[in-house]
Amino acid sequence: MQKRFLSYALLVLFLNFTVKGTYLLVVEREVQNVLPPGEYGLYFSLFNLSLLFLVVADFGLQPFNNRQLSQNRHLLAKYFPYFIGLKLILLLVFMAALLTAGLILGYNSPTLGLLTIVGLNIALGSLLLFLRTNLSGLGFYRLDSWVSIVDKTLMILLVGSLLTITPELMSVHAFALAQTISLTLACLLVVLLLWSRLKRRLPKFKKAVWLNIMRRAWPYALAIVLMAAYTRIDAVMIERLLTDGELQADHYAAAYRLLDAVNMGGFLLAGLLLPMFARLLGQNKSVSPLLRTAAPLAITGATTISMVLVITSGPVTSFLYDFADARTALILAWLIPAFVAFCGNYIYGSLCTAAALLGPMNRIFTIGVLINFVGNLIVLPKYGAVGCAAVTTITQTFITTALILLAHRRLAISNMAKTWWRTGASLLVLGLCSFALPQVVSISYLSHAALVLALGLFFMLWHLKVSPPASAEF
């Protein structure tokens with residue numbers, strides 16, 4: 001299992017950092033640079049508002065289907081038509097709920113039009129992720145890795161061409177419509193890949209089956225709405241509560257793009273780990289060997305990347321964004337450490353989800369929502385988007401710590417003490433090198449970042465050597 005995890009993890013990281021990294025840091029970044037000030041900030045706020053309603057579009061079907069299919073692969077042909085029928089109805093309800101929220105929040109007609117397109121993209125993205133769970137649930141991890149980059153590859157071609165040939169035609173609506181086209185084509189591709197495995201291909205509408213699915217999926221749905229609340233409400237609060245909300249949301253979005261860029265690796269590893277953990281638990285096998293491989297590598301790697309970006313926050317934001325200033329760099333410096341917590345969350349959240357520990361997880365997420373919401377209410381008036389970034393990091397750290405404690409308390413996880421001691425020692429050295437070294441010696445930021453990066457790579461190789469992957473196959 002560990003060998004296959006490392007093999008697929010390297011593939012998914014290479015593909016996504018190559019393609020999605022290019023999209024986020026080249027194409028989407030340039031879109032924000034060419035748009036009028038505040039326009040992308042408004043789009044970012046609408047995007048995050050739509051994610052708050054994602055639970056309506058998904059209702060937990062994505063993680064529920066991934067877990068169930070990983071343990072019972074024969075269920076695809078039987079239940080897929082019912083899942084698709086239910087998904088289509090949920091997407092319609094999602095759009096109605098989102099537009100109602102837009103009216104309540106007082107958005108004008110042009111903004112509601114943009115919200116409609118953004119909401120449609122969120123719905124299509126949700127459908128794409130659900131369709132892909134059928135690939136990963138069946139064990140087609142390599143194929144799913146390739147499919148995961150299709151929509152962003154199309155966006156690079158569409159938006160990149162527009163920026164290169166006719167940049168004067170670029171608008172926030174054109175950007176959003178390009179996403180609609182890319183996501184639609186990606187969904188059609190996954191349907192074609194699944195076509196031969198489906199005995200019944202048309203959506204089926206049967207109330208009794210839907211109610212049974214929703215009854216079993218609702219804990220996953222609650223987890224989704226809580227996670228959306230504590231990760232996405234900050235951008236909406238910035239745009240709605242501050243007098244210069246759209247401009248501050250612009251700067252926050254610029255920093256958050258870098259978090260998204262590095263975070264996609266953790267998100268994709270979670271999509272890989274969930275079916276693997278579910279498969280192991282379904283076969284009554286230990287998850288400890290896989291956890292001993294995944295946790296130290298991901299957390300040490302995330303810490304290394306975070307520290308490098310903290311050290312270089314000023315030069316990086318100035319290089320990427322025409323409008324960047326000291327505030328943009330400070331937001332990034334406070335926000336990017338959340339990446340470490342996100343990675344821990346992805347690993348242990350996937351494990352707890354695979355083990356169906358949804359009740360305790362949702363209680364943790366509820367506390368996280370309260371910390372995030374109340375924290376933003378306190379810090380936004382005085383510190384603006386910078387304070388919001390700090391609250392995000394604090395919230396994510398609390399949630400990840402709680403998930404780790406939950407998993408080790410409830411599950412039979414063995415022989416992890418040495419792993420955590422080694423990981424803790426690695427993080428301590430990286431932290432001292434990042435923050436204490438400049439106080440002792442004079443060093444340029446490039447040399448400082450290079451030293452931290454080299455140390456991080458050394459520690460990752462060390463973890464891999466002292467905890468080598470076993471030969472067990474999935």
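Quick caveat, the model's predicted, so the values are computed rather than measured.
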J.: Does a side-chain heavy-atom distance below 4.5 Å link Leu154 with Ile181?
T.: no
J.: Quick one about Ser350 and Thr353 (side-chain donor to acceptor, distance below 3.5 Å, no hydrogens or angles considered), yes or no?
T.: no
J.: Any side-chain heavy atom of Pro337 sitting closer than 4.5 Å to one from Val310?
T.: yes
J.: Without swapping roles, check the side chain of Gln396 against the backbone of Phe342 for a donor-acceptor pair under 3.5 Å.
T.: no
J.: Could you tell me whether the side chains of Thr22 and Lys152 share a donor-acceptor contact shorter than 3.5 Å?
T.: no
J.: In Å, rounded to the nearest 0.5 Å, how long is the span from CZ of Phe339 to CD1 of Ile299?
T.: 11.0 Å
J.: What's the separation between atom CG in Asp322 and atom CZ in Arg29, rounded to the nearest 0.5 Å?
T.: 8.0 Å
J.: Could you please spell out the steps behind the side-chain contact (heavy atoms from CB on, under 4.5 Å) verdict for His463 and Thr293?
T.: CA-CA 8 Å; His463 289 310; Thr293 301; over 6 Å; no
J.: Please report the closest heavy-atom contact between Cys388 and Asn376, naming both atoms and the distance.
T.: SG-OD1, 3.2 Å
J.: Under 4.5 Å between any side-chain heavy atoms of Phe94 and Ile122, yes or no?
T.: yes
J.: Mind checking whether His251 and Tyr321 have ring centres under 6.0 Å apart?
T.: no
J.: Which heavy atom of Phe277 sits nearest a heavy atom of Ala354, and at what distance?
T.: CB-CB, 3.6 Å
J.: Determine whether a donor-acceptor pair (N or O, by modelled atom type, separation under 3.5 Å) exists between the side chain of Ser444 and the backbone of Ser447.
T.: yes
J.: Looking at Ile378, Asn372, Leu377, Leu380, which hits side-chain contact (heavy atoms from CB on, under 4.5 Å) with Val391?
T.: Asn372
J.: Side chains of Asp325 and Thr328: do they bring a donor and an acceptor to under 3.5 Å?
T.: yes
J.: Side-chain contact, heavy-atom cut-off 4.5 Å: Phe373 with Met237?
T.: yes
J.: Are the side chain of Thr317 and the backbone of Gly314 linked by a donor-acceptor contact shorter than 3.5 Å?
T.: yes
J.: Can you confirm whether Tyr107 sits close enough to Leu99 that some side-chain heavy atom of one is under 4.5 Å from a side-chain heavy atom of the other?
T.: no
J.: Looking at side-chain heavy atoms only, is the closest gap between Leu131 and Cys187 below 4.5 Å?
T.: yes
J.: Going by heavy atoms in the side chains, are Glu39 and Gln32 under 4.5 Å from each other?
T.: no
J.: Under a 3.5 Å distance rule, please check whether Thr166 uses its side chain to pair with a backbone N or O of Leu169 as donor and acceptor.
T.: no
J.: Minimum heavy-atom separation for Ile371 to Phe398, with atom names?
T.: CD1-CD2, 3.7 Å
J.: Do Asp244 side-chain atoms and Leu247 backbone N/O form a donor-acceptor pair below 3.5 Å?
T.: no
J.: Roughly how far, to the nearest 0.5 Å, is CG of Leu42 from CG of Leu114?
T.: 6.0 Å
J.: Please report the C-alpha distance between Leu290 and Leu273 in whole Å, then the side-chain angles of each, then the deciding distance to 0.1 Å, and finally whether the side-chain contact (heavy atoms from CB on, under 4.5 Å) criterion is met.
T.: CA-CA 9 Å; Leu290 180 56; Leu273 284 169; 4.0 Å; yes
J.: Please report the shortest heavy-atom distance between Gly102 and Leu115, naming the atom on each side.
T.: CA-CD2, 3.9 Å
J.: Evaluate side-chain contact (heavy atoms from CB on, under 4.5 Å) for Val56 paired with Leu91, printing each intermediate quantity in order.
T.: CA-CA 7 Å; Val56 182; Leu91 293 180; over 6 Å; no
J.: Answer yes or no: does atom OH of Tyr383 have more than 12 heavy-atom neighbours from other residues, nucleotides or ligands under 6.0 Å?
T.: no
J.: So Tyr40 and Asn33, side chain to side chain donor-acceptor pair (under 3.5 Å) or not? Walk me through it.
T.: CA-CA 9 Å; Tyr40 189 89; Asn33 279 332; over 6 Å; no
J.: By side chain to side chain contact (heavy atoms under 4.5 Å, CB included), which residues pair with Thr400, not counting sequence neighbours?
T.: Ala341, Asn345, Ile404
J.: Tell me yes or no: between the side chains of Asp151 and Ser182, is some donor less than 3.5 Å from an acceptor?
T.: no
J.: Could you go through the side-chain contact (heavy atoms from CB on, under 4.5 Å) check for Leu291 and Tyr348 one step at a time?
T.: CA-CA 9 Å; Leu291 194 59; Tyr348 278 88; 3.6 Å; yes
J.: Tell me the closest heavy-atom pair linking Leu49 and Leu105, and the distance in Å.
T.: CD2-CD1, 3.8 Å
J.: For Thr423 and Pro296, indicate whether the former's side chain and the latter's backbone hold a donor-acceptor pair under 3.5 Å.
T.: no
J.: Taking the six-membered ring for Trp, are Tyr256 and Tyr252 parallel (under 30°), tilted (30 to 60°) or perpendicular (over 60°)?
T.: tilted
J.: Side-chain contact, heavy-atom cut-off 4.5 Å: Leu432 with Leu437?
T.: no
J.: For the pair Ser161 (side chain) and Leu157 (backbone), establish whether a donor and an acceptor sit closer than 3.5 Å, ignoring hydrogens and angles.
T.: yes
J.: Look only at the side chain of His448 and the backbone of Cys433, and say whether a donor-acceptor pair between them is shorter than 3.5 Å.
T.: yes
J.: As an exercise, state the distance from CG of Leu258 to CG of Asn263, rounded to the nearest 0.5 Å.
T.: 11.5 Å
J.: Please report the closest heavy-atom contact between Ser148 and Arg132, naming both atoms and the distance.
T.: CB-NH2, 3.4 Å
J.: Find the distance between CG (Leu163) and CD (Glu28) and round it off to the nearest 0.5 Å.
T.: 11.0 Å
J.: Could you measure the distance from the CZ atom of Arg327 to the CG atom of Asp250? Nearest 0.5 Å is fine.
T.: 9.5 Å
J.: Test side chain to side chain donor-acceptor pair (under 3.5 Å) on Asn48 and Ser45; report intermediate values, then the result.
T.: CA-CA 5 Å; Asn48 283 277; Ser45 174; over 6 Å; no
